[in-house]
Amino acid sequence: MSDPFLRFDTISVVFPGVRALDGVSFGAHAGQVHALMGENGAGKSTLLKVLSGINKVTEGALWIDGQRHVFANAREALAQGIAIIYQELTLSPNMTVAENLLLGQLPTRNGFIKRRQLRERALAILADLGEGDIHPSTKVRDLSIGQQQMIEIGRALLRDARIIAFDEPTSSLSVQETRQLKRIVKRLRDEGRVVLYVTHRMEEVFQMCDAVTIFRDGRHIRTHEDMSSLDHDTLVSEMVGRDIEDVYGYRPRHQGEVVLEVDAIEGRGVKAPVSFAVKRGEVFGLFGLVGAGRSELLRLVCGVEVPTAGLVRFNGEARRFKSPAEAIRAGIAMCPEDRKSQGIFPIASVADNLNISCRRFFTRWGVFRHPRRERATAEEYIRRLSVKTPGPRTAIGTLSGGNQQKVILARWLAEEIDLFVMDEPTRGIDVGARRDIYTLLYDLAEQGKSVVVISSDLAEVSSICDRIAVMRDGVLVEVVARDEATPERLLGLALPA
């Protein structure tokens with residue numbers, strides 16, 4: 001095999017209090033899809049930020065086509081033909097689809113944008129992505145998360161990059177969009193580009209990738225150039241440093257009375273009256289393809305959106321919540337799908353994010369923060385949930401996705417919450433952190449709490465939930481018991497007739 005087109009040479013990155021990368025060395029070849037795998041916090045995203053010029057290396061350098069590089073900024077990386085598609089989107093929500101696609105390459109004349117040419121180029125890109133139904137003048141904020149991800153991919157393809165890196169690209173995509181992405185990745189490989197592919201989905205590694213590099217605790221563990229000699233169990237054990245027999249670890253438990261009863265609720269994204277009930281101690285699943293109305297339904301229940309009809313009965317009391325604050329005071333909390341924009345304050349600390357909804361440290365003279373108690377609360381839940389962070393004052397935006405999710409969960413554990421609504425709780429989270437989160441959900445259920453899990457992951461809902469409600473095109477189709485919830489049946493109910 002020829003020399004690697006891209007080579008990482010003893011790359012180390014040190015942040016205050018943590019060594020994010022420690023002497024990482026490996027290469028990736030042109031015309032190859034090279035997977036990067038490891039638990040959250042293993043160093044994959046840090047490495048991509050080195051490649052893109054965002055993170056500065058403490059030691060080491062990059063070699064691209066035989067030339068040594070140390071990028072000072074993202075502009076230098078772009079000039080070398082590098083495009084990174086991050087899991088956390090970097091689009092401008094108030095700009096149109098066309099403007100986002102061609103940002104930095106807008107066709108102009110005398111300082112004015114040539115709108116017709118902009119529209120034509122955007123239409124061609126959207127057709128290439130298989131997203132011809134999206135209008136170029138649509139504001140990005142009005143697109144689904146999956147559609148926004150495809151726009152991010154389209155923007156990278158436009159740059160005609162020699163090296164393209166994908167960070168969890170299918171975590172928000174529909175089945176159709178995932179198929180289209182796979183076709184795009186195959187085309188890029190056939191064109192002789194270097195494709196780096198970060199994913200936690202094992203099936204994607206074995207279906208799409210030609211090589212895989214394993215990271216653990218910021219170190220390069222091993223690179224497999226021959227995928228035919230690699231199996232699922234070996235990959236998992238190298239990632240986590242131990243054997244994980246069953247990532248889901250389902251635990252049956254006693255279920256009590258009905259806690260939440262949704263009665264003929266309707267509203268934005270829900271096209272017909274929906275009714276279902278959740279019991280105390282139950283893990284209740286809500287499955288459907290992207291755009292099925294799963295998240296929209298629970299937003300109506302949790303007060304994020306006001307329903308146009310119907311109501312909920314929670315702990316025996318009829319309610320129609322007008323805001324998330326009302327739902328939280330009643331004992332319902334929702335962990336949103338989009339952690340970055342809806343779940344955290346990225347530049348605030350872990351402690352501030354954890355305590356933001358549970359600052360009940362009041363005095364008889366008024367409302368005052370109590371920094372010592374807040375720090376003690378943060379330290380307690382960092383320890384209980386094994387959050388990987390240098391300390392409570394670390395900005396939460398620097399943590400991995402799995403650890404951010406644990407902090408969001410800790411926020412509600414510190415509250416008096418009876419019903420936890422988890423929207424895609426393991427999106428972009430590695431196998432080890434997944435098991436931690438599933439264990440936590442089972443613990444909550446065994447304590448008499450109720451858990452609703454919204455997920456597009458068939459294996460997840462069929463493995464961890466006691467019952468699964470299937471939605472299709474804004475309608476609840478059927479509620480299926482666990483022992484009948486085969487992946488084939490759930491997918492059959494979710495697909496259009």
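Sequential numbering from 1 along the given sequence is applied to the chain's residues.
The shortest distance between side-chain heavy atoms of T389 and N403 does not fall below 4.5 Å. At least one side-chain heavy atom of L47 sits less than 4.5 Å from a side-chain heavy atom of L21. The side-chain heavy atoms of Q147 and V140, taken from C-beta on, include no pair separated by under 4.5 Å. Considering only heavy atoms from C-beta on, P169 stays 4.5 Å or farther from I85 through its side chain. Side chains of I464 and Y442 form a contact here, defined as non-hydrogen atoms less than 4.5 Å apart. Contact of the L399 side chain with the K388 side chain is not registered, since no non-hydrogen atoms from C-beta on lie closer than 4.5 Å. Side-chain contact between M37 and E238 is absent, with no heavy atoms from C-beta onward closer than 4.5 Å. By the 4.5 Å heavy-atom criterion applied to side chains, V453 and P425 are counted as neighbours.
Distance alone, capped at 3.5 Å, is enough to place a donor-acceptor pair between the N100 side chain and the S92 backbone. The backbone N or O of S137 lies less than 3.5 Å from a partner atom in the side chain of H135, making a donor-acceptor pair. The backbone N or O of V198 lies less than 3.5 Å from no partner atom in the side chain of D167, so there is not a single donor-acceptor pair. A distance-only check finds a donor-acceptor pair linking the side chain of R411 to the backbone of N353 [under 3.5 Å]. Proximity of a side-chain donor or acceptor of E59 to a complementary backbone N or O of G23 within less than 3.5 Å is not detected. In this structure, N355 contributes its side chain and E374 its backbone to a donor-acceptor pair below 3.5 Å. Under a 3.5 Å cut-off, the side chain of D466 and the backbone N or O of F284 do not form any donor-acceptor pair. Counting only distance, with no hydrogens or angles, the side chain of R294 and the backbone of S455 share a donor-acceptor pair below 3.5 Å. Using modelled atom types, no side-chain atom of K182 and backbone atom of M208 make a donor-acceptor pair closer than 3.5 Å. In this structure, the side chain of T234 does not engage the main chain of L230 through any donor-acceptor pair within 3.5 Å.
Under a 4.0 Å N-O distance rule, the pair R384/D443 does not qualify as a salt bridge. Salt bridge D210/R189: present, at least one basic N to carboxylate O contact under 4.0 Å. Under a 4.0 Å N-O distance rule, the pair K114/E120 does not qualify as a salt bridge. With salt bridges taken as basic N to acidic carboxylate O contacts below 4.0 Å, none links E379 and R383.
Residues C209 and A35 come closest through the heavy atom pair SG-CB, 3.6 Å. Nearest heavy atom pair, residue F287 against residue S456, reads CE1-O, 3.6 Å.
More than 12 heavy atoms of other residues, nucleotides or ligands shown are found within 6.0 angstrom of NZ on K449. The 12-atom threshold is exceeded at CG of D226, counting heavy atoms of other residues, nucleotides or ligands nearer than 6.0 Å. Heavy atoms from other residues, nucleotides or ligands lying under 6.0 Å from CZ of R119 number 12 at most. Around NZ of K56, the count of heavy atoms belonging to other residues, nucleotides or ligands within 6.0 Å exceeds 12.
With values rounded to the nearest 0.5 angstrom, I468 atom CD1 is found 11.0 Å from E460 atom CD. In this structure, CD1 in I164 is found 11.0 Å from CD1 in I82, a value given to the nearest 0.5 Å. The distance from atom CG of L298 to atom CD1 of I454, rounded to the nearest 0.5 Å, is 4.0 Å. We find the CZ-CZ distance between F5 and R193 to be 10.5 Å, quoted to the nearest 0.5 Å.
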Report task. Report the C-alpha separation of T223 and T213 in whole Å, then their side-chain angles, then the decisive distance to 0.1 Å, and conclude whether the side-chain hydrogen bond (donor to acceptor under 3.5 Å, both in side chains) test is met. Result -> CA-CA 4 Å; T223 294; T213 290; 2.8 Å; yes
Requested in this report: Would you sort out whether T58 and R19 count as a side chain to side chain contact (heavy atoms under 4.5 Å, CB included), showing the intermediate values?
Outcome: CA-CA 10 Å; T58 307; R19 179 173 283 269; 5.9 Å; no
Report task. Run the numbers on E168 and K44 for salt bridge (charged side-chain N to carboxylate O under 4.0 Å, His left out), then give the verdict. Result -> CA-CA 11 Å; E168 293 289 347; K44 308 180 300 298; over 6 Å; no
**Report entry** side chain to side chain contact (heavy atoms under 4.5 Å, CB included) evaluation trace for F166 with V185
**Finding:** CA-CA 10 Å; F166 295 88; V185 169; 4.2 Å; yes
Query raised in the report: Should L6 and L196 be marked as a side chain to side chain contact (heavy atoms under 4.5 Å, CB included) after you check the CA-CA gap, both sets of side-chain angles, and the distance that decides it?
Result: CA-CA 10 Å; L6 169 67; L196 300 180; 3.9 Å; yes
Query - Criterion side chain to side chain contact (heavy atoms under 4.5 Å, CB included) on L126 and M150, from CA distance to verdict - result: CA-CA 9 Å; L126 291 168; M150 293 301 287; over 6 Å; no
Report task. Applying salt bridge (charged side-chain N to carboxylate O under 4.0 Å, His left out), run through D423 and R299 and close with a yes or a no. Result -> CA-CA 10 Å; D423 194 351; R299 286 166 67 89; over 6 Å; no
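Aromatic rings from H34 and F26 are positioned such that their centres are separated by under 6.0 Å.
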